[in-house]
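See structure below.
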Amino acid sequence: MGHRLPCVSRLLLLDGHSLAYRAFYALPVENFSTTTGQSTNAVYGFTSMLINVLRDEAPTHVAVAFDRSRQTFRTQEYAEYKAGRAATPSEFVGQVDLIKQVLDALRITHVEVDGYEADDIIATLTGQARSQGMEVLILSGDRDAFQLVDDRTLLLYPVRGVSETWRMTPEKVEEKYGVRPERYSDLAAMVGESSDNLPGVPGVGPKTAAKWLAAHGDLSGIVSAADQLTGKAGQALRDHLDQVLRNRRLNQLVGDVPLEVGVDDLQARGWDREEVHRVFDGLEFRVLRDRLFSTLESAETEAEEGIEVEGQALPAGEVASWLDRYAGAGSRTAVVVHAAPRTAAGPGEATAVGLAGAEQAAFVDLVDLGPDDETALAGFLLDPAREKVLHEAKGQVRSLEERGLPVEGIVSDTALAAYLVRPDQRSYDLADLALRYLRRELRLDDEPEAQGQLELAFGADDTAEAAAARSAMVHARAVHDLSLALDTELADDEEQALLRDVELPLVGVLRRMERAGIAVDVDGLQRLEREFADAMTQAQQDAWDAIGDDTVNLGSPKQLQTVLFDTLALPKTRRTKTGYTTDADALAGLYAQTEHPFLEALLRHRDKTRLRITAEGLIKSVADDGRIHTTYQQTIAATGRLSSTEPNLQNIPIRTEEGRRIREIFVVGRDGQGDFESLMSADYSQIEMRIMAHLSGDEGLIEAFRTGEDLHRFVGSRVFGVDPEDVTLEMRSKVKAMSYGLAYGLSAFGLSKQLGISTGEAKGLMDEYFERFGGVRDYLRDVVAEARRSGFTETILGRRRHLPDLVSDNRQRREMAERMALNAPIQGSAADLIKVAMLRTERGLQEAGLRSRMLLQVHDELVLEVAPGEQERVEQVVREQMGSAADLQVPLDVSVGVGRTWHDAAH
DNA sequence: TTCGGCACGTA
DNA sequence: CGTACGTGCCGAAG
């Protein structure tokens, strides 16, 4: 795709020292060291740049030039050349040798010559390459290299860290400095170069120098005309003429350095895989090694081709024999479903399936399926011994079930597997996965490559049916091959087990929960919606009255800003990208300062609007059975949590009394067998804090949970040094905010903001906390350090999240990744636990022969519908199964409530 | 019509 | 300058 074909030889030259220095100062040294204490930030940054340029530019020849010593002809002429530089930092020492080891492993030539600088070597090789008609790319952070740029010699000049370079063409040099590249050294001689300790002419900057060069051609022209130069700058030049000419001699690169290698010796060779592993292991560069292998190996592979598939649309009566021959027990068969479009009445019913085994694919039309074929297909789908793989199995199975074809024996879901491999992708689209893991294009329809053998099966008469069959079989082939490829991509046995024992079985649980839905008191909901709407209108009128303007749209932040900060001239709030925030926090702050009635009405309007919209959305979601059926997304949240959509039932209000009223309309309902008795809500108390106690092994926190005392009271007594009974409500709430904040990477600043206290007080609070709970402090520090080393975080069940930004040279991104690394094991382990709890609870209910069923999951809470007479037994199952989902160093506390509505079941 | 930004609900 | 989500509205872009 991106890389060029090597018709013309392309030589890539790197300035090893300047790039290593760039990297050293761009990446925080404290974040890059091996367990033995060797600093590696310069090696990391250099190697990262090297990989990027190899990937993006696909050179045919490569060399890296290094300075050998500071003694060169330049220091002989001018002792102060490059003097005044700070001594080489001790952490940098030794990294250049490590870089050379990396280069050796990659079989990239590096060159250094006594008495010359890297730039001179680069100039010499550039000259040789140009005379042979090669294109040249130079990657250097030294501006002296600008003089080498021409229409076939491009300079990649790093800006901002190690991830961004400017492509310096002659035009770009001229745009930046006002002169062509061949005149850049003349300009630099006058302007000076502080990094080389070459002083410029006082009062002469790039603008003046460029103007003179434009007028007089080059530096010698300027020298000849020096007497005619006007102004102070002209006089200054005359006064410093010797210095300018000396600068010019020094910044002239040497084009004839005696070298032992020639351009032909620099041809890119295959790299030494074993040596790469050895060197990268020693450097503890796991992320970078992955990147190296994936970028360089993909460049080596052939251009992507389409999916090849062999198969046919099965004629009537042939389904059984095809299945026996190509989809027997012990082999793996991909199933891809074509479904009718989803309607208001329900999900789309399956109309056809594509199948693919190891060898052959097939297409089965379900619309006019004969009884024998139906039996054969149904038997195959239901047989757990005949292993099936699907992509996004939940929806596919749902369509098949609608068609009366239940499925058992699913051994992989390619979307779920890909999610476990890389949990923070935006989508797991089949075509994307095929490209990424199979390096195959998932082409459809008129692409001849995808047709292949299929032409034979359908002949020239390419009907719509044939196209559908082809598409289904190509997809099935992709799913089959992907499922094998993804098996090997899963990091280890633990992740395989996570897929097999947790995520895959959960698909069925979620499907049943979605199908069950939750009953709704529609009349009550409509009354509520009206009530909120009326209150909203009233609030709007009050707000308009307060400012004497009934044209302002209170829902428009832009118009609100005009009212607040122009018309009312209130104090400015926190900045956003487009202006000043009007969020509830800021408005409340303004109200506290000014008590302006508009603010009160506006906040009330916000509240009521929100509630009305929530109620309205729920009304729209009620299905014909009087219930709301959410959809759970299993591959969205990078931490491993589920999410809920259409509608989202994981963000139903609970914090305010008014909001809680919405929970009253979620009520106990009935199914085909009759009425249920109640709703039951069971949640883990302080699950994330318990996981933090477990993962950190902090004795204080573990004791807190084992004593069974109120957690925040216990922690408060330690932090404030008082007896538990003397912990005031204020102390408790501060400690509570801090405890939860810690799991998100909260800073003292953030804590102070939230609690409305000074940063100093917040800092003191955190220090005191960490003093008392040192295990937590150590854990939070170590978890980030470990993730930085390995490149990923891990949960209790081995769910990984990769965080390459932990080594970003961009501070914002790096610190964001650090907070993610801190939070992911905690939030993710909690997600692991509740998923296990769901599996066990469903199995427990089933084994106990109970009709009661699970309806909702809200991260740490399960909502169940309890059948008459089953309450006690259901509670026992739920407590037991949720409580034993994992064996932690602290008990898992489950609290249970029961009631007619979700609100009443809260506790 | 599409999309980014804002605001806000939950754990 | 606290993590993870989904949704609705506005207003600028198309």
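The chains referred to below are lettered A, B, ... by the order of the sequence lines, with proteins before strands, and numbering in each begins at 1.
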- R814(A) and L806(A): which non-hydrogen atoms are nearest, and at how many Å? CG-O, 3.4 Å
- Query: Which is true for R612(A) with a 4.0 Å heavy-atom rule: it touches a base, it touches only sugar-phosphate, or it touches nothing?
  - Reply: nothing
- Look at the side-chain N and O atoms of Q559(A) and state whether any lies under 4.0 Å from the OP1 or OP2 oxygen of dG11(C). yes
- Item | From CD (E392(A)) to CD (Q634(A)), nearest 0.5 Å | 10.5 Å
- Task: Can you tell me, in whole Å, how much space there is between the P of dC1(C) and that of dG5(B)?
- Result: 15 Å
- Message: Using a 4.0 Å heavy-atom cut-off, does A831(A) contact any base of the nucleic acid, only the sugar-phosphate backbone, or nothing at all?
- Response: nothing
- Message: Does I654(A) reach a base, just sugar-phosphate, or nothing at all? Heavy atoms under 4.0 Å.
- Response: sugar-phosphate
- Identify whether any heavy atom of E688(A) sits under 4.0 Å from a base atom; if not, whether one sits that close to sugar-phosphate; answer base, sugar-phosphate or nothing. nothing
- Message: Just to be sure I understand the rule, does R819(A) reach a base, reach only the sugar-phosphate, or reach nothing, if contact means heavy atoms closer than 4.0 Å?
- Response: sugar-phosphate
- State, without any angle test, whether T551(A) and D549(A) hold a side-chain donor-acceptor pair at a distance under 3.5 Å. yes
- Message: Looking at dC6(B), I'd like to know if its phosphate oxygens (OP1 or OP2) sit under 4.0 Å from a side-chain N or O belonging to T578(A).
- Response: yes
- Six-ring centre of F792(A), R800(A) cation under 6.0 angstrom, axis tolerance 45°: yes
- Message: For a quick check of understanding: with a heavy-atom distance under 4.0 Å over all strands, which category does L822(A) fall into, base, sugar-phosphate or nothing?
- Response: nothing
- Query: If only side-chain N and O atoms of S643(A) are considered, is one of them under 4.0 Å from the OP1 or OP2 phosphate oxygen of dG6(C)?
  - Reply: yes
- Message: Is there a side-chain contact between N651(A) and the phosphate of dC5(C), meaning an N or O under 4.0 Å from OP1 or OP2?
- Response: no
- Query: Does S556(A) have a side-chain nitrogen or oxygen under 4.0 Å from the phosphate oxygens OP1 or OP2 of dC9(C)?
  - Reply: no
- Message: Any base atoms under 4.0 Å from A743(A), or only sugar-phosphate, or nothing? Heavy atoms, all strands.
- Response: nothing
- Can we say R799(A) and E494(A) salt-bridge, meaning some charged N sits less than 4.0 Å from an Asp/Glu carboxylate O? no
- Message: For dA7(B), does the base pair up with any side-chain atom of R606(A) as donor and acceptor (N or O, under 3.5 Å, distance only)?
- Response: no
- Message: For a quick check of understanding: with a heavy-atom distance under 4.0 Å over all strands, which category does I652(A) fall into, base, sugar-phosphate or nothing?
- Response: sugar-phosphate
- Note on the structure: By nearest-nucleotide position on DNA chain C, the 5'-leaning member of P423(A) and G555(A) is P423(A)
- Task: Test for a donor-acceptor pair under 3.5 Å between the base of dC5(C) and the side chain of R641(A), counting only N and O atoms.
- Result: no
- Message: Categorize T576(A) for me: base, sugar-phosphate, or nothing, with a 4.0 angstrom heavy-atom threshold over every strand shown.
- Response: sugar-phosphate
- So what does M816(A) hit on the nucleic acid, given a heavy-atom distance under 4.0 Å: a base, only sugar-phosphate, or nothing? sugar-phosphate
- Looking for any heavy atom pair under 4.0 Å, which part of the strands does K753(A) touch: base, sugar-phosphate only, or nothing? nothing
- Query: Within this structure, what is the CZ-to-P distance between F666(A) and dT10(B), rounded to whole angstrom?
  - Reply: 13 Å
- Query: If you look at every strand shown and take non-hydrogen atoms under 4.0 Å, does R655(A) touch a base, only sugar-phosphate, or nothing?
  - Reply: base
